[in-house]
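Accompanying notes for the structure given below.
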2 protein chains.
Amino acid sequence: MVTIADVARHAGVAPSTVSYVLTGKRAISGETADRVRESIRSLGYRQRAAAIGVLLPLRDGVNVAVAMRFVRAVVAAARVRDRDVLVISADEGADGVLRAVESGVAGLVVMDVEMDDPRVPVLRACAVPSVLIGVPTDPCGLSCVDLDFAAAYALCVDHLADKGHTDIALLGPARAVYERRTGYAERGVAGFSAAALRRGVNFVVRTCESDGLAAKQLLTDHAEITAVVVHNEAALSAVLACVQPPIDLVAICPDEVARRTEPKVSSVHVPAEDLGRRAVELLMARIDGAPPQGVELSVPTLTVRD
Amino acid sequence: MVTIADVARHAGVAPSTVSYVLTGKRAISGETADRVRESIRSLGYRQRAAAIGVLLPLRDGVNVAVAMRFVRAVVAAARVRDRDVLVISADEGADGVLRAVESGVAGLVVMDVEMDDPRVPVLRACAVPSVLIGVPTDPCGLSCVDLDFAAAYALCVDHLADKGHTDIALLGPARAVYERRTGYAERGVAGFSAAALRRGVNFVVRTCESDGLAAKQLLTDHAEITAVVVHNEAALSAVLACVQPPIDLVAICPDEVARRTEPKVSSVHVPAEDLGRRAVELLMARIDGAPPQGVELSVPTLTVRD
DNA sequence: ATGAAAGCGCTAACAG
DNA sequence: CTGTTAGCGCTTTCAT
């Protein structure tokens with residue numbers, strides 16, 4: 001195995017110099033750096049490229065399939081930049097961050113972010129750079145990417161209001177997701193309510209477990225409902241079986257899921273691929289010394305189907 | 001951070017003794033081991049638990065969604081045993097194994113196995129234990145788990161022959177999958193052909209890209225075909241749009257995929273969850289010193305739907 | 001800007 | 001069975 005010492009000998013420099021060329025933690029003259037890089041290439045040295053860690057709490061209500069959609073995107077994006085991905089299933093809040101950091105990752109992609117996420121202060125203080133997929137209440141000093149879920153929910157409301165509906169319902173994620181104040185769920189409801197009030201539309205909000213039973217209960221309890229917004233990929237097919245025309249339906253889910261339903265459902269796209277890729281881009285920039293970029297929300301779009 | 005030296009001091013032993021208690025690489029007296037473990041607990045030492053590596057080539061024809069189904073299962077199973085998972089996207093054959101080993105994983109789960117996989121000799125020689133999801137031509141000295149794809153394809157043929165079909169077709173994975181002699185594809189075709197010959201059924205075999213166009217071409221070229229077996233998750237919906245009744249169809253795919261199609265398609269279940277979990281079980285046993293277990297094939301089952 | 005040397009946490013060879 | 005010691009590859013401090 002080619003070590004940093006081999007490279008140093010070959011380039012006629014000290015091991016520390018090679019280390020500094022690789023980490024960029026102190027200035028090395030262009031000439032020396034070039035010689036080192038040349039030796040690295042000719043000897044085929046591979047720095048045990050520290051992986052990117054994905055912090056993935058697998059708690060109640062977290063749909064692993066949905067989470068894996070992001071992981072997949074992160075893996076693909078990391079691969080382009082020659083990084084492997086360490087999937088760290090951490091349910092222990094702030095301790096999970098420490099565990100991840102101790103595992104020696106170059107940077108962290110943090111998923112399933114809560115409004116007052118206990119991991120946030122740790123991440124802020126931490127030397128290891130991170131990018132959150134999701135936005136906490138106070139994102140200062142962090143890098144966050146997410147879909148603008150408030151706007152996404154509002155888009156659904158506007159679409160239904162435009163079609164003349166005056167009594168609509170929201171079937172959200174599982175109750176556990178709200179209980180821990182998950183960012184996207186809370187911001188979504190805020191956007192939904194605000195839009196409905198703005199439009200003068202009556203609305204009901206319900207949580208929905210993956211069995212989708214809440215849909216039936218909802219229609220029983222509220223016969224006046226003529227349209228439903230559902231943000232729950234796990235329950236989508238069950239909800240579809242229950243919410244039939246003439247009741248209108250809009251889903252918040254990835255397009256490829258919406259295209260597979262029967263009938264094909266109108267939806268606001270959750271761009272998991274884009275968000276995962278963007279998170280890696282920002283993280284790599286952070287690893288290379290860039291400062292935190294703050295919050296970057298992507299604009300939702302609605303596709304009308306059947 | 002609590003180090004192994006801290007634990008050693010607290011327990012009144014040498015650092016190496018603590019190391020050996022943790023790795024089990026040499027015998028330590030029960031008394032001493034207990035004292036060490038007690039110190040580990042009271043000091044809160046966390047051994048930077050080496051991750052399990054998942055070797056995942058992302059080449060042409062590899063459906064990342066399908067691969068991620070296995071990764072998901074591996075992550076869930078590893079989590080139960082307090083291990084994180086390093087997803088290593090390695091397209092470089094044998095070099096990929098070395099890269100994975102150098103990254104310091106405790107063991108490897110190897111996916112997308114080819115008949116004469118160049119990684120196999122390396123894995124056999126390698127000190128890091130591994131479990132393959134898939135079976136190469138010569139699995140001696142390895143641990144392999146997989147669905148018995150030969151039996152799975154044969155099951156489809158028997159089902160269709162029993163229904164009276166005399167001209168059937170196989171739509172397999174993408175051509176690239178055959179070109180690199182991927183294990184499951186090659187064993188599948190073998191099982192398919194053998195079963196068809198046994199049953200005296202005429203058959204055609206075609207590769208199928210993810211666009212599913214091969215389905216249309218197949219039916220144009222072979223008007224005599226009355227039933228199709230498709231083993232291609234990416235192309236399944238496109239194939240379904242084309243292969244309509246009265247032509248019979250059986251898919252080889254996970255049940256949850258088959259249940260979502262419209263109409264719901266008869267299928268042989270690919271138990272990705274079970275295989276991923278089993279792979280981790282076997283790998284953990286290997287890490288704890290068990291010898292290679294050879295090949296473990298799971299028995300396919302067919303579910304008849306619409 | 002660079003090198004020498006000490007140190008990191010851990011494992012493995014050696015000694016008894 | 002266990003402690004001593006030398007190493008592993010790499011980073012960081014200290015010096016110049």
Side-chain angles (χ1 to χ4, degrees), chain A residues 1-40 43-51 82-84 86 98-107 126-129 287-289, chain B residues 1-40 43-51 82-84 86 98-107 126-129 287-289:
Chain A
M1 198 231 248
V2 184
T3 77
I4 213 169
D6 297 328
V7 175
R9 214 159 346 178
H10 187 267
V13 298
S16 53
T17 302
V18 178
S19 173
Y20 286 124
V21 168
L22 289 169
T23 61
K25 287 192 182 172
R26 86 176 180 196
I28 301 287
S29 73
E31 198 182 342
T32 307
D34 283 347
R35 208 165 63 244
V36 168
R37 272 188 285 266
E38 176 49 37
S39 296
I40 285 175
L43 294 184
Y45 169 78
R46 310 199 59 113
Q47 64 176 315
R48 26 135 85 288
D82 259 313
R83 298 279 183 169
D84 296 320
L86 187 68
L98 298 177
R99 208 159 67 79
V101 168
E102 278 174 18
S103 71
V105 294
C126 176
V128 175
I287 291 172
D288 294 341
Chain B
M1 198 230 247
V2 184
T3 78
I4 212 169
D6 297 328
V7 175
R9 213 161 338 164
H10 186 268
V13 299
S16 54
T17 303
V18 178
S19 173
Y20 287 124
V21 168
L22 289 169
T23 62
K25 287 191 181 172
R26 83 177 181 195
I28 301 288
S29 73
E31 199 183 340
T32 305
D34 283 346
R35 209 165 63 246
V36 167
R37 272 188 285 265
E38 176 50 36
S39 295
I40 285 175
L43 294 185
Y45 170 78
R46 308 200 59 113
Q47 66 175 312
R48 29 140 76 297
D82 258 314
R83 297 278 184 168
D84 296 320
L86 188 67
L98 299 177
R99 208 158 67 79
V101 168
E102 280 174 18
S103 70
V105 294
C126 176
V128 174
I287 290 172
D288 294 342

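Remember, predicted model here, so these are calculated numbers, not experimental data. Order of the sequence lines sets the chain letters (A, B, ...), proteins ahead of strands, with each chain counted from 1.
Residues passing the salt bridge (Lys or Arg N to Asp or Glu O under 4.0 Å) test with A:Arg9 are A:Asp6, sequence neighbours excluded. Here B:Ser39 pairs with B:His10 under the side chain to side chain donor-acceptor pair (under 3.5 Å) rule; sequence neighbours left out.
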Can you tabulate the close N/O pairs, meaning under 3.5 Å, that link protein atoms to atoms of nucleotides 12-16 of chain D?
from   : atom 1 : to      : atom 2 : distance (Å)
D:dT12 : OP1    : A:Lys25 : NZ     : 3.4
D:dT12 : OP2    : A:Lys25 : NZ     : 3.3
D:dC14 : N4     : A:Arg26 : NH1    : 3.3

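Taking CD1 of A:Ile28 as the reference point, atom OG of A:Ser19 lies at 9.0 Å (rounded to 0.5 Å).
The shortest distance between side-chain heavy atoms of A:Leu22 and A:Ile4 falls below 4.5 Å. The shortest side-chain heavy-atom distance between B:Val21 and B:Val13 does not fall under the 4.5 Å cut-off.
When all heavy atoms of B:Leu86 and B:Ala51 are compared, the closest pair comes out as N-CB, 4.2 Å. In terms of heavy atoms, B:Val128 sits closest to B:Gly107 at CG1-CA, 3.6 Å. Nearest heavy-atom pair, A:Tyr45 versus A:Val2, reported as atom, atom and distance to 0.1 Å: CD1-O, 3.2 Å. Contact between A:Val101 and A:Cys126 at its shortest, heavy atoms only, is CG2-SG, 3.6 Å.
Of all the residues in residues 3-12 of chain A, A:Gly12 reach under 4.0 Å from DNA chain C with at least one non-hydrogen atom.
The salt bridge (Lys or Arg N to Asp or Glu O under 4.0 Å) contacts involving residues 28-38 of chain B comprise B:Asp34-B:Arg37, B:Glu38-B:Arg41, where partners must be two or more places apart or lie in separate chains.
Summarising the geometry, the separation between CG on A:Leu22 and P on D:dC10 is reported as 9 Å, rounded to the nearest angstrom.
At its two ends the helix from C:dA1-D:dT16 to C:dG16-D:dC1 runs along axes set 30° apart, each axis drawn from five pairs and the angle rounded to 10°.
Counting any heavy atom pair closer than 4.0 Å across all strands shown, A:Val13 reaches sugar-phosphate atoms only and no base atom.
Looking at which nucleotide of DNA chain D each of A:Val18 and B:Ile28 is closest to, the 5′-most match is held by B:Ile28.
Residue A:Thr32 places none of its side-chain N or O atoms closer than 4.0 Å to OP1 or OP2 of C:dA1.
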